[in-house]
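Only one structure is covered here, and it is reproduced in the block below.
Below, all heavy atoms of this structure are taken into account, side chains as well, without hydrogens, waters or symmetry copies.
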Amino acid sequence: MNTRTPALMIQATGSNAGKSTIVAGLARALVRRGLKVAPFKPQNMSNNAAVTVDGGEIGRAQAVQARAARMPPSVHMNPVLLKPETDTGAQIIVQGKRWGTLRAKNFLDKKAALLPAVLESFSLLADHADLVLVEGAGSPAEINLRPGDIANMGFASAANVPVVLVGDIDRGGVIASLAGTHLVLEPEERARVRGFIINKFRGDVSLFDQGLVAVTRLTGWPSLGVVPWLPQAAWLPAEDAVDLDRAHASSSTRVIAVPVLARIANFDDLDPLGMEPGVKLIFVRPGEAIPGNADVIILPGSKSTIGDLAFLRAQGWDIDIKAHVRRGGRVLGLCGGYQMLGKTIADPQGVDGAPGIIEGLGLLDIATVMSADKSTTLVRGTHCATGADVEGYEIHLGRSEGRDCERPMIMIDGRPDGAISADRRVEGTYVHGLFTGDAFRKKWLADLGIASSIAYEAQIEAALDALADHLEMHLDIDQILKIAHSRQSSSASAA
């Protein structure tokens, strides 16, 4: 176990408090100071995944943090990834590879067995970094989950990593949430917290001066700064589907509609479209109808294709989609959404639910067969209709074949991928990340009569730099570095 490398763990009083963003911003700020920084999250729960160079899966947030740190993403940056398939079960990814599928209660019983893999990955990263920035999950105040914990204080104690706690003032009750977290932690865990950060502040920061005093009086923890709301942070790919609407305001009349599936996955595919001023990207929530004025409907990826197809039908969206096509509208299916567009989906081994075969939407002449073999790979290819270069990644179970596959959407190193209907209105592909490429996105939108006006990758880099500038201005980063380096002295004392 590496005890030499400085490290710091960013935990929070609750989910969606901004841990991922704080880690990304600190990573970029410290890299600009000349440090080699490695991001790390012991356990993540998200269906928004990324593929590493060696074909493994990690949470999208860790891929963004790796980019902020100017490092290639590694499976060791997120050694345990939970990908929810139902309300009570998830696929477990360990060091990038599928480990199994467990119900929530079974995972609670087995998670302690994953700690050696977590510590191994942390040590491998620490051996080649000047500093490791660790992100917690949820909140350490969830003491019902503390036995066998590998995500928050359980990991921090096992790896002897100091903690900084983030409170989200935007949702209200931040003083109570910080004081309440202090109250429920064990004495050793309270001592491990070396300071707190107030995140997402709107308005005059000085108005919270007495609030900082109150938190320190109630907890004994010092303030490391108050971070005002930063609009550019919304440009960065989100980890949770709760954030889907954050960056998509537009006055355009050109509508792209996206049904929000129950197990929507890899939804950052849509971020570049949402940033385009010429596009009004609408996420259609359960219980809502798909708008009749949509130019295109995009069926996104799904962690459970068969389950989400049933969910889609329960909302009546299948009727909306077919009516849209009859009116001359276009449909694009991505990965699981592509599978739904076909005639049938067979699951003989029961890898996506109960064994059997179901009817798809019938908009593409293809049939899909699910299998336990999972494809996770980075890809490069050519968009057949426009000749535009395409870069992205595959992350899926199953194989699709049929007459419409004779008109592939993409050629990947001479291999056809996806399918296009005979009338060219419906198309699908297994490739994620298509729209991050400016050349492809520009030509795809031009075919709809929409002008592209952004450089996506440049905007992401600008957002990371703006975030780093923001944290340099509002946080005591010198003190944060001292806290990270205190791990070395405490390790020496323990020895």
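- Between V379 and E394, the shortest heavy-atom distance links the atoms CG1-OE2, 3.8 Å.
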**OP:** Would you please test N48 and S46 for side-chain hydrogen bond (donor to acceptor under 3.5 Å, both in side chains) and show each step?
**Re:** CA-CA 5 Å; N48 212 22; S46 177; 5.5 Å; no

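- Of the possible polar contacts, one joining the H485 side chain to the L481 backbone as a donor-acceptor pair under 3.5 Å is found.
- Judged purely by atom type and a 3.5 angstrom limit, K280 has no side-chain atom pairing as donor or acceptor with the backbone of A257.
- Between R28 and E461, at least one side-chain nitrogen of the basic residue sits less than 4.0 Å from a carboxylate oxygen of the acidic one, meeting the salt-bridge criterion.
- Of the inter-residue distances, the one linking Q43 atom CD with L114 atom CG reads 8.0 Å to the nearest 0.5 angstrom.
- In this structure, Q95 and S121 have side chains that are in contact, with non-hydrogen atoms separated by less than 4.5 Å.
- With rounding to the nearest 0.5 angstrom, the CG atom of D130 is 10.0 Å from the CG atom of L30.
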Subject >> R32 and D469: CA distance, side-chain angles, deciding distance, side-chain contact (heavy atoms from CB on, under 4.5 Å) verdict >> reply: CA-CA 10 Å; R32 296 193 316 192; D469 292 340; 2.6 Å; yes

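- Taking every heavy atom of both residues into account, A151 and P42 meet most closely at O-CG, 4.3 Å.
- In this structure a side-chain-to-backbone donor-acceptor pair under 3.5 Å is missing from N44 to A137.
- The minimum heavy-atom distance between A29 and I477, with the atom names listed, is CB-CD1, 4.2 Å.
- For R380, the CZ atom sits in a loose shell: 12 or fewer heavy atoms of surrounding residues, nucleotides or ligands are nearer than 6.0 Å.
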Original post:
Does the side-chain contact (heavy atoms from CB on, under 4.5 Å) test come out yes or no for M9 and R487, once each step is laid out?
Top reply: CA-CA 11 Å; M9 188 169 195; R487 176 177 185 255; over 6 Å; no

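- At least one side-chain heavy atom of P84 sits under 4.5 Å from a side-chain heavy atom of N47.
- Using cut-offs of 30° and 60° on the angle between ring planes, the pair F435 and F440 is tilted.
- In terms of modelled atom types and a separation under 3.5 Å, the side chain of R441 and the main chain of I454 share a donor-acceptor contact.
- The distance from atom OH of Y456 to atom OG1 of T436, rounded to the nearest 0.5 Å, is 7.0 Å.
- Between D476 and K482 there is no salt bridge, since no side-chain nitrogen of the basic residue lies less than 4.0 Å from a carboxylate oxygen of the acidic one.
- A salt bridge links K374 to E57: at least one charged side-chain nitrogen sits closer than 4.0 Å to a carboxylate oxygen.
- Counting only heavy atoms from C-beta outward, the side chains of I175 and F208 approach each other to under 4.5 Å.
- Contact detail for K83 and K303: the closest heavy-atom pair is CB-CE, 3.6 Å.
- Using a distance-only test at 3.5 Å, with no hydrogens or angles considered, a donor-acceptor pair links the side chain of R254 to the main chain of L448.
- Using a 4.5 Å heavy-atom threshold, the side chains of L273 and I298 count as touching.
- Applying the side-chain contact (heavy atoms from CB on, under 4.5 Å) test between L178 and each of L218, V166, V215, V193 identifies V215 as the sole match.
- Counting heavy atoms from C-beta on, the side chains of L236 and L467 come closer than 4.5 Å.
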**OP:** Output, in order, the C-alpha distance, side-chain angles, deciding distance and verdict of side-chain contact (heavy atoms from CB on, under 4.5 Å) for K36 and H128.
**Re:** CA-CA 8 Å; K36 185 176 182 181; H128 299 92; 4.3 Å; yes

Original post:
Taking it one step at a time, do E276 and S452 satisfy side-chain hydrogen bond (donor to acceptor under 3.5 Å, both in side chains)?
Top reply: CA-CA 6 Å; E276 290 282 4; S452 172; 2.5 Å; yes

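- A distance of 7.0 Å separates CZ of F40 from CZ of F122, quoted to the nearest 0.5 Å.
- In this structure, CG in L230 is found 9.0 Å from CH2 in W235, a value given to the nearest 0.5 Å.
- The closest donor-acceptor contact from the side chain of T216 to the backbone of L212 lies under 3.5 Å.
- Smallest separation of non-hydrogen atoms from T181 and S177: OG1-O, 2.7 Å.
- The closest donor-acceptor contact from the side chain of H470 to the backbone of P228 lies under 3.5 Å.
- N78 places a side-chain N or O within 3.5 Å of a backbone atom of G59 that can act as its donor or acceptor partner.
- Looking at heavy atoms from C-beta onward, L299 lies out of side-chain contact with L332 at the 4.5 angstrom threshold.
- Side chain of R190 to main chain of H182: a donor-acceptor pair is present (N/O by atom type, distance under 3.5 Å, no hydrogens or angles).
- The closest donor-acceptor contact from the side chain of N152 to the backbone of G138 lies at 3.5 Å or more, if one exists at all.
- The minimum heavy-atom distance between L281 and V258, with the atom names listed, is CD1-CG2, 3.8 Å.
- Under a 4.0 Å N-O distance rule, the pair E186/R146 does not qualify as a salt bridge.
- Side-chain atoms of Q62 and S74, non-hydrogen and from C-beta on, never get closer than 4.5 Å to each other.
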Subject >> CA sep, side-chain torsions, deciding dist, call: E189, S157, side-chain hydrogen bond (donor to acceptor under 3.5 Å, both in side chains) >> reply: CA-CA 8 Å; E189 295 169 343; S157 296; 5.4 Å; no

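- Other residues, nucleotides and ligands place more than 12 heavy atoms under 6.0 Å from the CD atom of E188.
- Looking only at side-chain heavy atoms (C-beta outward), Q479 and R194 stay at 4.5 Å or farther from each other.
- T382 OG1 to I410 CD1: the interatomic distance, rounded to the nearest 0.5 Å, is 9.0 Å.
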Subject >> Step-by-step side-chain contact (heavy atoms from CB on, under 4.5 Å) determination, T21 to N199 >> reply: CA-CA 10 Å; T21 303; N199 195 27; 5.7 Å; no

